[in-house]
Every structure is written in C-alpha cells, then in structure tokens.
Amino acid sequence: AQKVTQAQTEISVVEKEDVTLDCVYETRDTTYYLFWYKQPPSGELVFLIRRNSFDEQNEISGRYSWNFQKSTSSFNFTITASQVVDSAVYFCALTSGQAGTALIFGKGTTLSVSS
Amino acid sequence: DVKVTQSSRYLVKRTGEKVFLECVQDMDHENMFWYRQDPGLGLRLIYFSYDVKMKEKGDIPEGYSVSREKKERFSLILESASTNQTSMYLCASSLWGSVENTEAFFGQGTRLTVV
C-alpha cells in the first residue's frame, strides 16, 4: 500500500525565516512520482513540482527548493526567506508508474508566515 | 489551459436526498479522481477512474458511488446524503503516459452541506 506522511501539522514562522516541510512516503513500486501542491486561503490547489523516482537531483526554483532522498523515502520542501504570501496549506502526494493507480495525498502542513 | 470544472461551488441538501456532483475536464485525461477535504484530515480519496466505465475504490468509498460514461465526465453520487458527508469535494484529472505522469489538475471544489 502507498502512504504519505506529513508529520508537521502546523508551522509558524516570521517573515524572512527559512522553513522546511517534511514529507515521508511508502511504496513498493520502483517507479513512482512525487508531487507538492500549495493550497492558499482561496482554496484552489496549485501544483508546485513533480519528481520521478529515477531522478534524485535536488531542484531549486526561486525561493523554493526540494530535496529528494530515496534512502530515507523523503521528499522535503524548503522555502527560503519566507514571505506572508507563502502562508498556505502544503500537500505532498504520491502515485506509482502503473496504470490505474491512485494519487495519494498526505494530510498537509499549514504554514503561517507573519510579518 | 487545462480546465477541470465542477458543476456547483456551494450545495445544500437534505438528509436522505440523492446528490450528484459533476466534474468535467477538457484535456482528454485518462485519470479522474474524487476527494473530500476535511480539516486535519487532508485530501482523502473516495473513488478514481482510469478509463471510461472503469472505477476503483479509494480510501473512503462507503456511502458514495461514481459514474464515468464519457472520458471527460466523472460524477460522484451520494446515494442517501447524511450529515457526516458535509465536506469540501474536490475533483481532479491527470494524464497517464507510458513515460511520465503529469500532475493532477483540480477543480475549484464543491462545498456540500447536508442538513
């Protein structure tokens, strides 16, 4: 069975602090895909990144970076120099490379950035 | 732009009513999903479909059924609505390919209240 665990329920930081959101996953598949989504107060889910299981390169996009480590089954997300607009619920998700498999989400981490 | 459209943004129904939530996508995606989102529980998968007339149970299918007669449309049915089905319902679609899965695209959500 596949599972995604986001152990941090809520995180509060002050603007300009760096923050890391943890994601640990479980799967028996050798081919799988990991995702991060952002859900701002408006409610719409926004796709941030996709990573496949064969690509362990870290990725940086502006203030966002992702650290994928198969050895620890983790796909962590770091926001550098956080801003108030980063306040949202962040979800990590997992699906396998097999047809007909579900997209499974973690319970999400609520990030609050204060000024 | 990919569009996933849910038929209603807000819905109020009475206990015992049969409720239909409709979702349409315009990008010829094979996969379609129904989730419900509740505070502290994240996105829980109700049902998903990877092809016309194909459906698979997710984590919480009890009290729900689905229909996918056409590729672009995926309907969620509450056979006899109950108050514990009051929730935000999210529909999503994604492309399944032999090489790469795309991210899932989400609708705007339907806030269902059962009274």
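Excluded from the calculations below are hydrogen atoms, water molecules and symmetry mates; all remaining heavy atoms, backbone and side chain alike, are included. Within every chain, numbering begins at 1; the chains are lettered A, B, ... in the order of the sequence lines, protein sequences first and strands thereafter.
- Hydrophobic clustering keeps Val66(B) apart from Tyr50(B) (ILVMFWY residues linked when any side-chain heavy atoms are closer than 4.5 Å, directly or through intermediates).
- For the pair Leu103(A) and Tyr35(B), the tightest heavy-atom approach, listed with the atom from each and the gap, is O-OH, 2.6 Å.
- The choice from Ala92(B), Gly42(B), Ser94(B), Gly107(B) that makes the most heavy-atom pairs within less than 4.5 Å of chain A is Gly42(B).
- Residues Met88(B) and Tyr47(B) do not share a hydrophobic cluster, defined by chaining ILVMFWY side chains whose heavy atoms lie under 4.5 Å apart.
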Point to revise | Evaluation steps, side chain to side chain contact (heavy atoms under 4.5 Å, CB included), between Gln37(B) and Phe105(A) | key: CA-CA 11 Å; Gln37(B) 184 176 12; Phe105(A) 283 79; over 6 Å; no
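- Residue contact with chain A, scored on non-hydrogen atoms closer than 4.5 Å, involves the side chain of Asp59(B) exclusively.
- Environment of CD in Glu44(A): sparse, with no more than 12 heavy atoms of neighbouring residues, nucleotides or ligands closer than 6.0 Å.
- At a threshold of 4.5 Å between side-chain heavy atoms, the hydrophobic network of Ile, Leu, Val, Met, Phe, Trp and Tyr places Leu112(B) and Leu90(B) in two separate groups.
- Heavy atoms closer than 4.5 Å to chain B are found in the side chain of Gln39(A), but not in its backbone.
- Taken from CZ in Phe105(B) to CZ in Phe47(A), the straight-line distance is 7.5 Å, to the nearest 0.5 Å.
- For Ser42(A), the part lying under 4.5 angstrom from a heavy atom of chain B is the backbone only.
- When all heavy atoms of Glu103(B) and Phe35(A) are compared, the pair lying nearest together is CA-CE2, 3.5 Å.
- Under the 4.5 Å side-chain heavy-atom criterion for ILVMFWY residues, a single connected hydrophobic cluster contains both Phe33(B) and Phe91(A).
- From Lys107(A), atom NZ reaches atom CG of Asp38(B) across 11.0 Å, with rounding to the nearest 0.5 Å.
- Two residues are said to be in side-chain contact when any heavy atoms from C-beta on lie closer than 4.5 Å; Leu43(B) and Leu45(A) meet this criterion.
- By the neighbour-count criterion of 12 heavy atoms within 6.0 Å, atom NZ of Lys70(A) is densely surrounded, having more than that number from other residues, nucleotides or ligands.
- Taken from CD1 in Ile104(A) to CZ in Phe48(B), the straight-line distance is 7.5 Å, to the nearest 0.5 Å.
- Residues Leu45(B) and Leu41(B) are members of separate hydrophobic clusters, defined by side-chain heavy-atom contacts under 4.5 angstrom among Ile, Leu, Val, Met, Phe, Trp and Tyr.
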